[in-house]
Each structure stands twice: as C-alpha cells, then as structure tokens.
Amino acid sequence: MLDPKRLRKDTDFVIDNLKRRGYVFDIDTWTKLETKRKDLQSKNETQQSQLNDISKEIGLAKKDGKDISSLQDKASNLTQEIKEQTKILDELLRAIEEFTLSIPNLIDIDVPDGKDETDNLEIRKHGSPKEFTFIVKDHLEIADKEIDMEAGVKITGSRFKVFKNEIAQLQRALISFMVDTHVSENGYEEVYVPYIVNKDSLLGTGQLPKFEEDLFKLDNKNEFYLTSTAEVPVTNLLREEIFDSVSLPIKYVCHTPCFRSEAGSYGKDTRGIMRLHQFEKVELVQAVEASDSEEALEELTGHAESILKKLDLPYRVVSLCSGDIGFSAAKTYDLEVWVPSQNAYREISSCSNFRDFQARRLKARWKRSGDKNTELLHTLNGSGLALSRTVLAILENFQESDGSVSVPDALRGYLNKDSILG
RNA sequence: GGAGAGGUGGCUGAGUGGUUGAAAGCGCUCCCCUGCUAAGGGAGUAUAGGGUAAUCCCCUAUCGAGGGUUCGAAUCCCUCUCUCUCCGCCA
C-alpha cells in the first residue's frame, strides 16, 4: 500500500512513477473519495466529541440528583445522527481501502524503463554455457524414469509430477544444502511455517485482493488458501509487530512447497518440470530499516547467487523493467540459470525490495529502544532457489555423453554420490 | 469430537455501566540523592487516524474480532475466533 500522505502531497510524482509501470492512476476518483472522507470524518469526530462531553455531563448530573431529561434528548438526537453518518463513512472507508489496495508499489529510480520481459536489463553474467560435444538432451530425456509424468497426472492432474529415486534424492539433498548454506554462511534463521494461509496474510503481502486467480483456494468456510510462496507465511511473521532496532535486520530462510494455479499460462512450459502447480522452494526473507533496504537487496541477491555459484551453474542477473516488475515490488533482480536444451537463460530466483509497501499493509514496524515513534520496516525476499528448476538445471548442465549426470562438488557430501543416473 | 475456563498496556494483574486509555506491581527511560555499588525519592513510559509543516499540542478510535442494547460499554446481550484444562481420537 502506498503512503496516503505521499499520495496527497506528492501526487504528480506518484502518478508519473506509476505511469512507468503502465498503471494509470485515477486521481480524480481518489481525490473525490479522500475529500469526502476528510469532511465526513472530521465532522463525525467533532460530533463524537460533543456526545462524549454530554454523556459525561449526564453522569455527573445524575450523581447530583439533577434533572437530566433535556440532556438525554440532546444526546439521543446526536447519537442518531452519528449512527447514520458512521454508516456512510464506513462505506466510504471501504471504498478507499479497496481502491488503495489495488494500487501497485512505486518503482525505484534505477528500474529500467520497458514494456515487458524483453526490456529487462542484464546486470551481470556468471560462468558461461558449457560446450557440449554431443547432442544435449532435455531433463525429461535424461531422467525419463525418475521424473514420472504419468503418475502425477494419475494422482492429480496436469502440471503435477512425481519424482523417484535419484531425482527425489537430488531434490532433498538440494534443499538441505541450500538451507544449511543460508543458515551457516549467510546468517539466516531457519523457520518452518504453515502451508495454508488466511486472507489477512495474503492481503499483507499483496497477493490479495488483485491476484486471487493465481491461488488455490480451499473449499472451507475459513477462506484458507494454499501458499503460493513462503514469502506469504514468513513475511507475515512480522505482521502487527513492533521490533526493537537491535533485533534488526531480521533474516529468515524457509523451505516450503509452493502451490500456484498458473492461470493464464496454458500451453506455456508444458513439457517437464519448468512450470508446475506444486514445487519446492527455499525462500529468503529480510526485514530491515528503511535506510538499509537498497543494500539489503544487493546482499540478498548475492546470497541467492552464492547457491548457483557453489553449484557451478551458469547464470545471469537481470533487473526487471518497469513493465515486468511485480505488483508489490519497488525493484527486482531475477536470477536466470542457463538451460542447455532451450539454449536460453530461465528464471530460477526472483529477489525483490518491497520497501514499506508490504509493511504498511502488514503493520510491521520497528523503533529504536527508548524512542517513542515507530517506523515501517522495509521487507525483501528472494528465492534461494526454486528447487524443481535447480534440479532441471543440474540435470541438463551436468549431463554426460553416456547419459549419466555428474553431481556438482558442493552437493556430493549431501548426496554421497559423484554421479547419478549412470 | 464432548465438557468446562478464559483472552485487559512490554510483562504480571485489578476493574460495582458514568472524567477508566485503563488501579497496582514488575520492567524500561530520564532526573535527584549518595565517594562507588546497593537501597531510596521524583517524573515519564501503548498504537493508529485526523486537525497541522511538525515527533510539541488538540480531537477521535482501540481492553481477542464483529454486531447489538444504552445518553454513555473493558463492564450487559449475540455471533465468531484463539488459548488453556479434562475426556475421546490420532501421527
């Protein structure tokens, strides 16, 4: 959620910034709603104040045994009026909330301008695509028995897969490797969280109200949803909390499955395990003081990169352009891993700075000890990394001519193998 | 699933429908006192919205959440939710 005060004061700036995303901010509607609200609210509060005074008077008069009937009439009328007005005010507030919740975040100055993913800016490259002396296979050809497409369809439906034997082991090893690295080398605190989340949590991180169609909703009166990313439960650990400055920065790492409806991606990445309704992910979440968030994004991105480096996977970092960046993010770096079978870099991690956008929705704050005033936290997160795509990348980048796959050095201790599928 | 008891400030814990945003204690901050320490004395110590350029000041709201009764609700009524205890079931 944007800062309403900023909207009021810096309106032109906000409009221009949102325009870079291609979002047209309806300033007229907003101004109308806000002006009305301000009038009604201050009127309402003044009357409430009057009523409070009269009520106190009644109390005192009653004690002294004085006549209170005229005061009571006055109060009665006032109460009636306030009730009617509050109804209107509540409706107005609801309308304003709905409106402001659907406005995306402002983007940082250094976010490149552009329309879509083709305009994303490459920041740096690490490693280079390996030259193969044989015709490369894709991950399904490499592990056709261990990645069971039929079984996933039988059990559930399309975009569900079953991993068997060495692929299941590989994924499990990767999860341990990633979480361990982030805990012991990068200073994150490991958390385990619910995979089912409520509406408030999804509102807090920005998946709702605008992106309900991306989620799996449970048929349940509580209005629960399957979590689409650990970002939701983990960031919501901060909701309605006030942290002391000494406890910052907060750094969580969490492995969860992720459930996504993938609405609107029919026919896209239908082969293999690139895009699934259910996949595993290790997620990094940070909460920092406002002045530290730019640096924190660089740091967090570096942490995600460190996994790719340790696994010897070639990748590049791109800065998402204004037209491609997500609703809640102020700035996003995508890490894209080299996929030999597609001869392309594909997203394997997305690292974002949300600044105070989520924190305002979440009421996630901090303050200096002894200080009176609270400040909104800045939240960040990034995948470190998405598991099924890491499995895919390892299979394809480390494939050998004999059909086996060599295991990256960093992983050998976790898998107790130098080579799989041999 | 059955039965019962509860959700009050950073914590513990009072609270007969009427200056209670909330006693008291603990903790914390500042000041005073004391050679230092300990003890003692004093003051302060929730969050949000609005009025405002303003973190001073003023108003409003908030005692799990949402409704209701009332001139007035932490206090009465209803619904929901969460926690705890006992029984049952279960990994």
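As the structure is a prediction and not an experimental result, all values here were calculated from the model. Just so it is clear: chains get the letters A, B, ... in the order the sequence lines come, proteins before strands, and each one is counted from 1.
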Sequence neighbours excluded and cut-off under 3.5 Å, please list the side-chain donor-acceptor pairs for residues 65-76 of chain A, or say none.
unit_1  : atom_1 : unit_2  : atom_2 : d
A:Asp67 : OD1    : A:Ser69 : OG     : 3.3
A:Asp67 : OD2    : A:Ser69 : OG     : 3.2

If only side-chain N and O atoms of A:Gln48 are considered, is one of them under 4.0 Å from the OP1 or OP2 phosphate oxygen of B:A61?
-> yes
Once each nucleotide of nucleotides 49-55 of chain B is scored for protein heavy atoms under 4.0 Å, what B/S/- sequence comes out, 5' to 3'?
-> BSS---B
Using a 4.0 Å heavy-atom cut-off across all strands, classify A:Asn44 as base, sugar-phosphate, or nothing.
-> nothing
By side-chain contact (heavy atoms from CB on, under 4.5 Å), A:Leu93 pairs with (sequence neighbours left out) A:Arg37, A:Leu89, A:Asp90
Note every stem involving RNA chain B: at least three consecutive Watson-Crick or G-U wobble pairs, i with j then i+1 with j-1, with both distances under 3.5 Å.
-> B:1-7 with B:81-87, B:10-12 with B:24-26, B:27-32 with B:40-45, B:46-51 with B:57-62, B:64-68 with B:76-80
Identify, with sequence neighbours excluded, every residue that meets side-chain contact (heavy atoms from CB on, under 4.5 Å) alongside A:Val191.
-> A:Val193, A:Val234, A:Leu237, A:Tyr252, A:Cys254
Which atom pairs, one a donor and one an acceptor, fall under 3.5 Å between side chains of residues 378-388 of chain A and the rest of the protein, sequence neighbours left out?
unit_1   : atom_1 : unit_2   : atom_2 : d
A:His378 : ND1    : A:Ser293 : OG     : 2.8
A:Thr379 : OG1    : A:Gln358 : OE1    : 2.7
A:Asn381 : ND2    : A:Glu231 : OE1    : 3.4
A:Asn381 : ND2    : A:Glu231 : OE2    : 3.4
A:Ser383 : OG     : A:Ser350 : N      : 3.1

Can you tell me which residue pairs pass the side chain to side chain donor-acceptor pair (under 3.5 Å) test with a partner in residues 296-305 of chain A, sequence neighbours excluded?
-> A:Arg124-A:Glu305, A:Tyr188-A:His303, A:Lys251-A:Glu299, A:Gln286-A:Glu299, A:Glu298-A:Tyr333, A:Glu305-A:Tyr315
Taken in chain and number order and not counting sequence neighbours, the residues that satisfy side-chain contact (heavy atoms from CB on, under 4.5 Å) with A:Ala95 are A:Leu33
Who pairs with A:Glu45 by salt bridge (charged side-chain N to carboxylate O under 4.0 Å, His left out), at least two apart in sequence or on another chain?
-> none
Pairs under 3.5 angstrom, nitrogen or oxygen only, protein versus nucleotides 75-80 of chain B, please.
none

Could you run down nucleotides 63-71 of chain B 5' to 3' and tag each one B, S or - for protein heavy-atom contact under 4.0 Å?
-> ------S-B
Show me, pair by pair, the donor-acceptor contacts under 3.5 angstrom made by side chains of residues 207-217 of chain A, not counting sequence neighbours?
unit_1   : atom_1 : unit_2   : atom_2 : d
A:Gln207 : OE1    : A:Thr205 : OG1    : 2.7
A:Glu212 : OE2    : A:Tyr225 : OH     : 2.6
A:Lys217 : NZ     : A:Glu223 : OE1    : 3.1

Is A:Lys43 touching bases, backbone alone, or none of the nucleic acid, heavy atoms closer than 4.0 Å?
-> nothing
